[in-house]
Structure formats: C-alpha cells, structure tokens
Trainee: 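I'd like to ask you about the structure that follows.
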Number of protein chains: 2
Amino acid sequence: MSKVLTIGRLAEATGTSVETIRFYEKSGILPSPARTDGNYRSYEPAHLNRLSFIRRARELGFSLDQVKELLRLSDDRSQSCAAVDDIAKLHRTEVERKISDLLSLKTELDRIIDTCRCGTVADCRIIESLSPADAARSEGDVTA
Amino acid sequence: MSKVLTIGRLAEATGTSVETIRFYEKSGILPSPARTDGNYRSYEPAHLNRLSFIRRARELGFSLDQVKELLRLSDDRSQSCAAVDDIAKLHRTEVERKISDLLSLKTELDRIIDTCRCGTVADCRIIESLSPADAARSEGDVTA
DNA sequence: GTTAGACCCCGTAGTCACTATGGGGTTGAG
DNA sequence: CTCAACCCCATAGTGACTACGGGGTCTAAC
C-alpha cells in the first residue's frame, strides 16, 4: 500500500522539480491527484508513468501541446498511430531546420572570429562584421 | 534634410517591426530619438546604423545583453577587442553545444520514427519509446 | 472643410516552459 | 515541544518579442 507518492518523491523519481509538477497540474497535462488529510498531493503509479512519459517527450523536444496530443492519442490504443507519426515527423523537420540554421550560424561565427587579429576595437573584424556595410562614419557610426 | 526617418520607415529599412523598435527603446538598447511636434519619433542615420548592428547581431544569435555589451565595447574604438572576441567565442561554444544536442535528438527521433510500422497506437513504437520502460500496465498505463 | 485611411502614440497582456519568491501549514524525529 | 524538512498557494519574473485596444496625427481626395 505504500505505492502512493508525495510530490517530493515523485519529483525525485522523475527528475522533475516540485514546482514543475505543480505547473503541469495547473496546465492540465498531469491530472490532479487525490489529497491527504493534510491537503498534500498523493500520487499513484499511474501518475508516475504519465509524468515519465511527459518528461521523456520533453527531453526529445516536443512542446507541451505536442505532448498533450501524444498523450491523448496514446489513450485510445486501438487507433491508428498515423497521427502520432505525423507529430513526430513534424517535430523532426523542425529539429532539422534548427540544426541547419545553427550550422550556417556557426560557419559565420567561425569566419568572423577567425579573421579577427584582436587588436583594437577600431580594427576589430567582429565589430566590422556586425556593422552596416555602408555606414557613413561622418553621419555618426554605430553609436547613436 | 530628409534624412530623418519615421519609425515605420526605420522598421522597413531594417526589417524590424515597429513594435520591436519601441521595445528596443524601452529596453535601453536603442536610444530614444527626438520627437516631432505631433510627438512622432524622428530617427537619424546614427539610429539606423545602430539598429542595423543590433539586428545583425541578433541574426547571429547573440542575446540582447550580449548585443548591449558589444555596442558598449564598439563605442570605445581604441580599446582592445579581446573582450569582443570573448563574447563571440562564448557564443560560438553555446551554438556548438546546441548543434550537438540537436544532432543526438535527431538521431533518436530518426530511430523511433523509423521503427514504427504505423499500425495501431497499441503497437506504436513512438509511443512505446516515450513510455517508461518498466511501466506496470496492470497498475494503469501512461494514462493517469 | 471634412473625411477616409494610413500612420503613429501608449500601456498592458500574452507567448513558452518553467523558475523564483514569499508567506504560510503539516509531518515526523528527537 | 520544538525543529527541520517537507508541503501548500498565489504571484511575478525570465527572453525577446507579439498582439491588442483605444486613442491621436497626417495627408490627400472630395
């Protein structure tokens, strides 16, 4: 019968903070548990499973809305999992786009960092790379 | 004499929204411009340069605090640009970490998506990958 | 002269997924 | 009985904007 958990134990078991668990409850993604006489939350194993699912999906970068939808779909186990597949693939596409954005970003950072001789700011290639190409110095430089 | 810009023209010239420009002003990163009789903001070329700098740095993923610091450093053009270099390199390190995180993420997403035969949710490998390994189904599954 | 539309003003609230703060109540060990 | 460790709740803060609502101004046509 000692299967019920306090919020602190649930937090520890799932690597979640207590505040985050309360936040999930308020967000409607984790159901409100029963309360003890002292008004403490009292969690069942089902809560542990659900919270583990949420944390795992969050680790994989799914948004809370996506997690909600995944949970809703997983509740009806007879349904086709095509919708699940759609969410996962959409997320993968987003991840791929982010990777490619960050890779070009890194290329550019490499470029501006490597060309800098690290003299004075006046000659700094990094600052130069950030400054507008046609900045009319006579009109005032980047300093407004 | 027609070098002063309304906020709308400045927005257009820099690919920034009007709201964002006002937000930058309130954040103290873009100086408050003079006002016209009708209380409209009236921007000089120096503002255009500074805003271009900010947008370019933001495109490269620097935080607004980092941009503030870069601007402060770029104001004293006789200083060593070592501090600029530090900010840029720190940022590059963060970008590299993000890329590597996202790459492992993608590997895992590929794995769970590819193994899914897309039958019913009960057999869905994606849902399974998200569910706790030792979930006792008899205790209630992921549904709380 | 006035009216329509485009532009501008300001303050506030909303986004996402938490995190932090503050002020209190409960529980269990010594 | 007291003390620490735990729990409760509500509210505000994070970053970098974006959206909204309710108003004022400017310009050009009628």
Side-chain angles (χ1 to χ4, degrees), chain A residues 2 4-30 32-43 47 50-51 53-71 87 90-91 94-95 98 101 105, chain B residues 2 4-30 32-43 47 50-51 53-71 87 90-91 94-95 98 101 105:
Chain A
S2 69
V4 291
L5 297 166
T6 64
I7 196 170
R9 286 186 187 286
L10 180 62
E12 200 183 5
T14 57
T16 312
S17 81
V18 167
E19 291 77 17
T20 300
I21 294 176
R22 284 198 283 251
F23 167 75
Y24 285 163
E25 180 179 335
K26 209 167 47 178
S27 312
I29 197 166
L30 189 65
S32 302
R35 297 294 181 114
T36 65
D37 289 349
N39 201 30
Y40 282 18
R41 287 172 180 81
S42 144
Y43 292 98
H47 287 100
R50 193 172 178 108
L51 181 54
F53 184 102
I54 295 168
R55 295 304 286 177
R56 170 91 177 118
R58 291 285 305 126
E59 269 173 32
L60 289 174
F62 289 97
S63 71
L64 279 187
D65 272 353
Q66 285 175 322
V67 178
K68 256 181 221 174
E69 185 61 10
L70 289 172
L71 281 166
I87 294 174
L90 181 64
H91 179 45
E94 282 163 14
V95 169
K98 273 186 200 164
D101 285 355
L105 200 56
Chain B
S2 68
V4 292
L5 297 165
T6 63
I7 196 170
R9 285 187 188 284
L10 180 63
E12 199 183 6
T14 57
T16 312
S17 81
V18 166
E19 292 78 16
T20 300
I21 295 176
R22 283 197 283 251
F23 166 77
Y24 285 164
E25 180 178 335
K26 209 167 45 178
S27 312
I29 196 165
L30 189 65
S32 302
R35 297 293 183 117
T36 65
D37 289 349
N39 200 31
Y40 283 19
R41 287 171 179 82
S42 146
Y43 292 98
H47 287 99
R50 192 170 178 110
L51 181 54
F53 184 102
I54 295 167
R55 296 304 286 178
R56 170 91 179 118
R58 292 285 304 125
E59 268 174 33
L60 289 173
F62 289 97
S63 70
L64 278 188
D65 273 353
Q66 285 175 321
V67 177
K68 257 181 219 173
E69 185 62 8
L70 288 172
L71 281 166
I87 295 173
L90 181 64
H91 178 47
E94 282 163 14
V95 169
K98 273 185 201 163
D101 286 355
L105 200 57

Trainee: Looking at OG1 of A:Thr16 and CZ of A:Arg55, how far apart are the two atoms once the value is rounded to the nearest 0.5 Å?
Mentor: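 CZ of A:Arg55 is found 4.0 Å from OG1 of A:Thr16.
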
Trainee: If you measure only the distance, is there a donor-acceptor pair under 3.5 Å linking the side chains of A:Tyr43 and A:Arg50?
Mentor: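 Per modelled atom types, A:Tyr43 and A:Arg50 side chains form no pair under 3.5 Å.
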
Trainee: For the side chain of A:Tyr40, starting at C-beta, report the closest nucleotide among C:dT27, D:dC9, C:dA17.
Mentor: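 Looking only at heavy atoms from C-beta outward on A:Tyr40, the closest nucleotide is C:dT27.
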
Trainee: To the nearest angstrom, how far is A:Ile54 atom CD1 from C:dC16 atom C1'?
Mentor: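 After rounding, the gap between these two atoms is 16 Å.
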
Trainee: If the cut-off is 4.0 Å, is B:Arg22 near the phosphate of C:dC10, judged by side-chain N/O to OP1 or OP2?
Mentor: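 Checking C:dC10 against B:Arg22, no side-chain N or O comes under 4.0 Å of OP1 or OP2.
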
Trainee: Once you round it to whole Å, what is the distance between C1' of D:dC17 and CD of B:Glu59?
Mentor: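 So the CD-C1' distance, B:Glu59 to D:dC17, works out to 16 Å.
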
Trainee: Apply salt bridge (Lys or Arg N to Asp or Glu O under 4.0 Å) to A:Glu25 and list each qualifying residue two or more places apart in sequence or on a separate chain.
Mentor: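 Salt bridge (Lys or Arg N to Asp or Glu O under 4.0 Å) check on A:Glu25 returns A:Arg41.
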
Trainee: How long is the span from the OG atom in B:Ser32 to the NE2 atom in B:His47, to the nearest 0.5 Å?
Mentor: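 That separation rounds to 7.5 Å.
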
Trainee: So, does B:Thr6 get its side chain near the phosphate of C:dC7, meaning an N or O under 4.0 Å from OP1 or OP2?
Mentor: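 So the side chain of B:Thr6 is outside the cut-off, no N or O lying under 4.0 Å from OP1 or OP2 of C:dC7.
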
Trainee: Please indicate whether B:Lys68 has more than 12 foreign heavy atoms, meaning atoms of other residues, nucleotides or ligands, lying under 6.0 Å from its NZ.
Mentor: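 Yes - once you tally the heavy atoms of other residues, nucleotides and ligands closer than 6.0 Å, there are more than 12.
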
Trainee: Specify the separation, in whole Å, of atom CG of A:Asp37 and atom P of C:dT27.
Mentor: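 About 7 Å, once rounded to whole Å.
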
Trainee: Describe the nucleic acid contact of A:Ser63 in one word from base, sugar-phosphate, nothing, applying a heavy-atom distance below 4.0 Å.
Mentor: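 A:Ser63: backbone/sugar contact only, no base atoms under 4.0 Å.
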
Trainee: Using whole Å, what does the distance between atom C1' of nucleotide C:dG25 and atom CZ of A:Arg35 come to?
Mentor: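 Those two atoms, CZ and C1', are 13 Å apart.
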
Trainee: Whole Å only: how far is the CG atom of A:Asn39 from the P atom of D:dA10?
Mentor: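 To the nearest whole Å, that distance equals 11 Å.
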
Trainee: Please determine, for the side chain of A:Arg58, which listed nucleotide (D:dA16, D:dC8, C:dC18) has the closest atom?
Mentor: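 Within the option list, the nearest is C:dC18.
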
Trainee: Among residues 9-21 of chain B, which residues get a heavy atom nearer than 4.0 Å to DNA chain C?
Mentor: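 Heavy-atom contacts with DNA chain C come from no residue of residues 9-21 of chain B; none.
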
Trainee: So how far is it from A:Leu71 CG to A:Phe53 CZ, rounded to the nearest 0.5 Å?
Mentor: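 Going from CG on A:Leu71 over to CZ on A:Phe53, the span is 4.5 Å.
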
Trainee: Taking atom P of C:dC16 as reference, at what distance in whole Å does atom CD1 of A:Ile29 sit?
Mentor: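 A:Ile29 atom CD1 is separated from C:dC16 atom P by 12 Å.
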
Trainee: Describe the nucleic acid contact of A:Tyr24 in one word from base, sugar-phosphate, nothing, applying a heavy-atom distance below 4.0 Å.
Mentor: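 Answer is sugar-phosphate: A:Tyr24 comes under 4.0 Å of backbone atoms only.
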
Trainee: Do B:Arg56 and B:Leu60 have side-chain heavy atoms sitting under 4.5 Å apart?
Mentor: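 Sidechains of B:Leu60 and B:Arg56: in contact.
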
Trainee: End-to-end bend of the helix from C:dG1-D:dC30 to C:dG30-D:dC1 (five-pair axes, 10° rounding)?
Mentor: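 Axis-to-axis angle, ends of the helix: 30°.
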
Trainee: What is the distance, rounded to the nearest whole Å, between atom NZ of B:Lys26 and atom P of D:dC17?
Mentor: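 The answer, rounded to whole Å, is 13 Å.
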
Trainee: In whole angstrom, give the distance that lies between atom CD of B:Glu25 and atom C1' of D:dC17.
Mentor: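 Rounded to the whole Å, the gap is 16 Å.
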
Trainee: Would you compute the distance between atom OG1 of A:Thr20 and atom CD1 of A:Ile54 and round it to the nearest 0.5 angstrom?
Mentor: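 Output value for this atom pair is 11.0 Å.
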
Trainee: Using heavy-atom distances to pick each residue's nearest nucleotide on DNA chain C, tell me which of A:Thr36 and B:Tyr43 is more 5'.
Mentor: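 Looking at DNA chain C, the more 5' nearest nucleotide goes with B:Tyr43.
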
Trainee: Nearest 0.5 angstrom please: A:Glu59 CD to B:Leu105 CG, how far?
Mentor: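 One finds 9.5 Å between CD of A:Glu59 and CG of B:Leu105.
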
Trainee: Which nucleotide in the set D:dC8, D:dC17, C:dA17 lies at the smallest distance from any side-chain heavy atom of B:Leu64?
Mentor: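 Taking heavy atoms from C-beta onward, the closest nucleotide is D:dC17.
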
Trainee: Is B:Glu12 atom CD crowded by more than 12 heavy atoms from other residues, nucleotides or ligands, each under 6.0 Å away?
Mentor: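 Counting other residues, nucleotides and ligands, CD of B:Glu12 stays at 12 neighbours or fewer.
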
Trainee: For A:Ser27, answer base if it contacts any base atom (sugar-phosphate contacts may also be present), sugar-phosphate if it contacts only those atoms, and nothing otherwise; contact means non-hydrogen atoms under 4.0 Å.
Mentor: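 Nothing: the residue A:Ser27, judged by heavy atoms under 4.0 Å, touches no strand.
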
